[in-house]
*Asks:* 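Dropping the structure in here first, questions after.
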Amino acid sequence: MTKYKSIKRHLGSCRTLWQSAIPATLTDSEISSRVIDDRNILRRSLNSSKFGLHVLDLIQCGSLQPDRSLYNTLLKRCTQLGKLKEGKLVHFHILNSEFKDDLVIQNSVLFMYARCGSLEDARRLFDEMPCRDMVTWTSMITGYAQNESANDALVLFPEMLREGAKPNEFTLSSLVKCCGFIASYGYGKQIHACCWKFGCHSNVFVGSSLVDMYARCGYLGEARLVFDELGCKNEVSWNALITGHARKGEGEEALAMFVRMQREGYKATEFTYSALLGSCSSMGCLEQGKWLHAHLMKSGKKLVGYVGNTLLHMYAKSGSIWDAEKVFGKLVKVDIVSCNSMLIGYAQHGLGKEAVQHFEEMIRFGIVPNDITFLSVLTACSRARLLEEGKHYFGLMRKYNIEPEVSHYTAIVDLLGRAGLLDQAKSFIERMPIEPSVAIWGALLGACKMHKNTKMGAYAAQRVFELDPSYPGTHTLLANIYASVGRWEDVAKVRKIMKDSGLKKEPACSWVEIENSVHVFVANDLAHPQRDKIHKLWEELNQKIKEIGYVPDTSHVLLFVDQQDKELNLQYHSEKLALAFALLNTPPGSIIRIMKNIRVCGDCHSAIKYVSLVVKREIIVRDTNRFHHIRDGSCSCGDYWLTRLSILLAFRSCTAL
DNA sequence: CTAGGGTTAG
């Protein structure tokens with residue numbers, strides 16, 4: 001409550017500041033009282049006011065005959081402000097003036113249309129123009145590039161060359177951007193060659209977009225090469241490279257470049273911080289994120305726009321939801337993204353009440369919720385078993401004219417199912433106006449598992465199985481199931497399907513951040529330097545947790561092995577290795593944070609709960625679904641989760657495989 | 001008259 005009040009107050013003072021900062025502009029009457037063709041005054045007025053509508057009025061009523069330069073200024077203003085309607089009006093006037101065949105004016109009109117998002121108008125004009133120069137072509141290409149129509153821009157380029165127009169650095173940087181957008185390394189290299197041919201390769205704009213293009217195509221090495229050869233660099237060039245590394249999950253390289261950037265005298269911008277913080281959130285690097293936060297504050301930057309939101313997201317995604325709240329309170333401007341990030345954070349931490357409160361406050365604050373907002377709040381409600389609230393918000397979607405998508409329906413099935421209303425959940429699925437998805441049946445199955453309803457569970461499991469022909473994990477597991485009952489022909493069939501469709505199973509891994517470096521583990525990791533210590537620790541822990549009640553759950557292992565081997569297999573799941581490593585390398589009493597790229601395994605979850613009792617530590621596990629805050633032997637998730645494995649196990653147990 | 005880099009769920 002209070003945080004919103006303080007923001008409102010803050011915004012209030014900003015507004016008055018902003019108003020007083022506007023230079024005095026001419027009013028309509030002031031303009032009329034002056035000599036009408038004092039065009040300098042008009043132009044100044046045009047540039048300093050929000051939009052020179054009064055100037056437009058004067059043209060409309062015929063009391064002003066603009067010259068070429070005033071038309072251009074008007075068009076430029078329309079372009080800058082994205083005023084399509086006004087721009088069209090100006091175009092209309094131009095068509096009735098002596099400048100209708102003026103190439104420069106036509107180019108400005110074309111670009112105005114393109115920049116205002118009306119590519120049809122731009123293209124119509126482009127096609128009708130009797131003669132086109134390089135700027136015409138460039139404006140059209142740029143227009144396509146900025147409106148995400150990369151292919152349209154790229155096909156225009158050969159036509160341009162055929163007509164004998166020579167591209168310049170403006171044309172080429174736009175084209176390079178297009179190649180990056182569609183991540184086409186092939187086209188990218190060809191355009192790169194053109195940059196050399198037309199002597200634009202050393203231009204900063206072209207160079208920066210080349211760096212970005214290669215990075216987007218996944219060729220960081222070539223991006224680096226172009227970057228190093230770039231004689232004239234600026235912040236954007238650095239950011240393109242840093243963002244490239246960050247996007248690819250190469251946080252360490254990104255950070256190294258960040259350090260180098262500053263050593264070489266370039267100032268980090270909001271873009272730089274956003275990219276780095278973004279990579280911290282996906283990796284869950286809280287310590288590095290905090291360091292960047294401090295760095296950001298020291299640089300004197302305000303938490304505006306993207307940076308603020310990425311910082312907030314970093315804390316939420318790294319498991320520090322209360323720090324995220326603090327950042328939220330310090331944002332200069334709260335928008336839908338900040339609110340959604342908070343809601344998603346609450347949902348992932350199972351904080352239903354906080355999510356509901358946050359939702360209500362954002363509505364009061366006047367922020368219009370979108371589909372993500374509703375999905376987040378519904379998820380939060382279902383996880384916290386806030387049945388009535390969840391139903392209420394689902395109904396509220398209609399009022400905001402948001403058509404529920406399959407994900408929203410899934411959340412409701414989950415909500416009803418967790419509350420034990422299995423029949424309601426089932427009939428809800430049957431009454432749904434859209435086709436139920438795998439996730440929907442999965443949610444019902446999860447609920448059946450939770451409330452031990454085997455009959456409906458079998459039904460749901462079959463639906464899941466029918467609808468999920470393409471998921472890589474399904475095939476691997478299915479092959480395992482067939483193998484375990486000796487149906488080798490079926491195994492071969494599944495393997496063939498996998499091979500034909502090029503499906504690959506992503507290896508499961510876990511990681512921890514210790515003293516600014518990330519340590520990654522895969523199951524049965526044999527290569528780690530501390531391997532022996534880790535295994536020894538687990539031997540001890542296993543003994544201790546078994547004494548206080550831990551029973552290894554071997555049902556999750558689908559291999560042809562005897563009981564002892566199964567236990568051995570479980571023991572070295574990646575999250576367990578990461579935990580042992582963290583226990584060995586962190587000070588006593590500190591919170592341990594483990595990240596995992598798939599959902600945490602049921603046996604490991606149980607083992608970690610017992611370990612939290614033995615070692616008296618708080619352990620936070622972030623998997624792809626949510627945060628597990630494990631302390632004193634219990635977990636914030638309330639032991640509810642559903643893995644693909646358990647779906648298939650349910651399926652196997654209820655069919656005669 | 002024309003150009004390059006960024007956040008949000010499952």
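Hydrogens, waters and symmetry mates are skipped; everything else that's a heavy atom, side chains included, is used. Letters A, B, ... mirror the listed sequences (proteins, then strands); counts begin at 1.
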*Asks:* Can you check whether any acceptor in the base of B/dG4 is under 3.5 Å from a donor in the side chain of A/Ser173, or vice versa?
*Replies:* no
*Asks:* Just how far, in rounded Å, is P of B/dG10 from CD1 of A/Ile440?
*Replies:*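 Result: 16 Å.
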*Asks:* What residues, two or more places apart in sequence or in another chain, satisfy ring pair (Phe, Tyr, Trp, His ring centres under 6.0 Å) together with A/His245?
*Replies:*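 In terms of ring pair (Phe, Tyr, Trp, His ring centres under 6.0 Å), with neighbours along the sequence ignored, A/His245 is linked to no residue.
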*Asks:* Who passes ring pair (Phe, Tyr, Trp, His ring centres under 6.0 Å) against A/Tyr187, sequence neighbours left out?
*Replies:* none
*Asks:* Without decimals, in angstroms, what is the distance between A/His408 NE2 and B/dG10 P?
*Replies:* 12 Å
*Asks:* Looking for any heavy atom pair under 4.0 Å, which part of the strands does A/Thr138 touch: base, sugar-phosphate only, or nothing?
*Replies:* base
*Asks:* For a quick test of reading the model: is some side-chain N or O of A/Arg216 closer than 4.0 Å to OP1 or OP2 of B/dG6?
*Replies:*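 The answer is yes; a side-chain N or O of A/Arg216 sits under 4.0 Å from OP1 or OP2.
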*Asks:* Roughly, in whole Å, what's the span from CG in A/Leu175 to P in B/dG4?
*Replies:* 11 Å
*Asks:* List the residues meeting side chain to side chain donor-acceptor pair (under 3.5 Å) with A/Asp102, not counting sequence neighbours, and say none if there are none.
*Replies:*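 For A/Asp102 the side chain to side chain donor-acceptor pair (under 3.5 Å) partners, ignoring immediate neighbours, are A/Arg68.
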*Asks:* Tabulate atom names and distances for all N/O pairs under 3.5 angstrom spanning the protein and nucleotides 7-9 of chain B.
*Replies:*
{"unit_1": "B/dT7", "atom_1": "O2", "unit_2": "A/Asn309", "atom_2": "ND2", "d": "3.4"}

*Asks:* Counting side-chain heavy atoms from C-beta on, which of B/dG5, B/dA3, B/dG6 comes nearest to A/Glu169?
*Replies:* B/dA3
*Asks:* Tell whether A/Thr269 reaches the base of B/dG5 with its side chain through a donor-acceptor pair below 3.5 angstrom.
*Replies:* yes
*Asks:* Measure from the side-chain N and O atoms of A/Ser281 to the backbone N and O of A/Leu277, and report whether any donor-acceptor pair falls under 3.5 Å.
*Replies:* yes
*Asks:* Between A/Asp212 and A/Arg247, is there a salt bridge with N-O shorter than 4.0 Å?
*Replies:* yes
*Asks:* Expressed as a whole number of angstroms, how long is the span from A/Tyr113:OH to B/dT2:P?
*Replies:* 17 Å
*Asks:* Going by side chain to side chain donor-acceptor pair (under 3.5 Å), name the pairs with one or both residues in residues 109-118 of chain A, residues two or more places apart or in two chains.
*Replies:*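 Of all non-adjacent pairs touching residues 109-118 of chain A, those that pass side chain to side chain donor-acceptor pair (under 3.5 Å) are A/His91-A/Tyr113, A/Arg115-A/Gln146, A/Ser118-A/Asp121.
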*Asks:* Quick check for you: among B/dT2, B/dG5, B/dC1, whose closest atom lies nearest to any side-chain atom of A/Asn168?
*Replies:* B/dT2
*Asks:* Rounded to whole angstroms, how far apart are CZ on A/Phe157 and P on B/dT2?
*Replies:*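 These atoms are roughly 20 Å apart.
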*Asks:* Can you tell me how far C1' of B/dG5 sits from CG of A/Leu210, to the nearest Å?
*Replies:*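 Rounded to whole Å, this separation is 13 Å.
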*Asks:* If I take atom CZ in residue A/Phe170 and atom P in nucleotide B/dC1, what distance separates them, rounded to the nearest angstrom?
*Replies:*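 Spelled out: CZ on A/Phe170 to P on B/dC1 is 10 Å.
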*Asks:* Listed in order of residue number, which residues of residues 188-207 of chain A have a non-hydrogen atom at under 4.0 Å from DNA chain B?
*Replies:* A/Asn203, A/Val204, A/Phe205
*Asks:* Could you check whether the side chain of A/Asn234 and the base of B/dG4 have a donor-acceptor pair of N or O atoms closer than 3.5 Å, going by distance alone?
*Replies:* yes
*Asks:* B/dA3, B/dG5, B/dC1: which one has an atom nearest the side-chain heavy atoms of A/Asn107?
*Replies:* B/dC1
*Asks:* Partners of A/Thr379 by side chain to side chain donor-acceptor pair (under 3.5 Å), sequence neighbours excluded?
*Replies:*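 Side chain to side chain donor-acceptor pair (under 3.5 Å) list for A/Thr379, sorted by chain: empty.
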*Asks:* Using whole Å, report how far CD of A/Glu235 lies from C1' of B/dG4.
*Replies:*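 After rounding, the gap between these two atoms is 13 Å.
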*Asks:* A/Asp212 has a side chain; which of B/dG6, B/dT2, B/dA3 sits nearest to it?
*Replies:* B/dG6
*Asks:* Fit a plane to each ring of A/Phe428 and A/Phe394, take the angle between them on a 0 to 90° scale, and name the class: parallel (under 30°), tilted (30 to 60°) or perpendicular (over 60°).
*Replies:* perpendicular
*Asks:* Test of understanding: with side chain to side chain donor-acceptor pair (under 3.5 Å), list the residues that count as partners of A/Ser279, not counting sequence neighbours.
*Replies:* none
*Asks:* So if I take every side-chain heavy atom of A/Phe271 and compare against B/dG5, B/dG4, B/dA3, which nucleotide ends up nearest?
*Replies:*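 Closest nucleotide to the A/Phe271 side chain: B/dG5.
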*Asks:* A/Trp441: what forms a ring pair (Phe, Tyr, Trp, His ring centres under 6.0 Å) with it, not counting sequence neighbours?
*Replies:*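 A/Trp441 satisfies ring pair (Phe, Tyr, Trp, His ring centres under 6.0 Å) with A/Tyr459 once adjacent residues are dropped.
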*Asks:* Would you say A/Gln146 places a side-chain N or O within less than 4.0 Å of OP1 or OP2 belonging to B/dG4?
*Replies:*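 The answer is yes; a side-chain N or O of A/Gln146 sits under 4.0 Å from OP1 or OP2.
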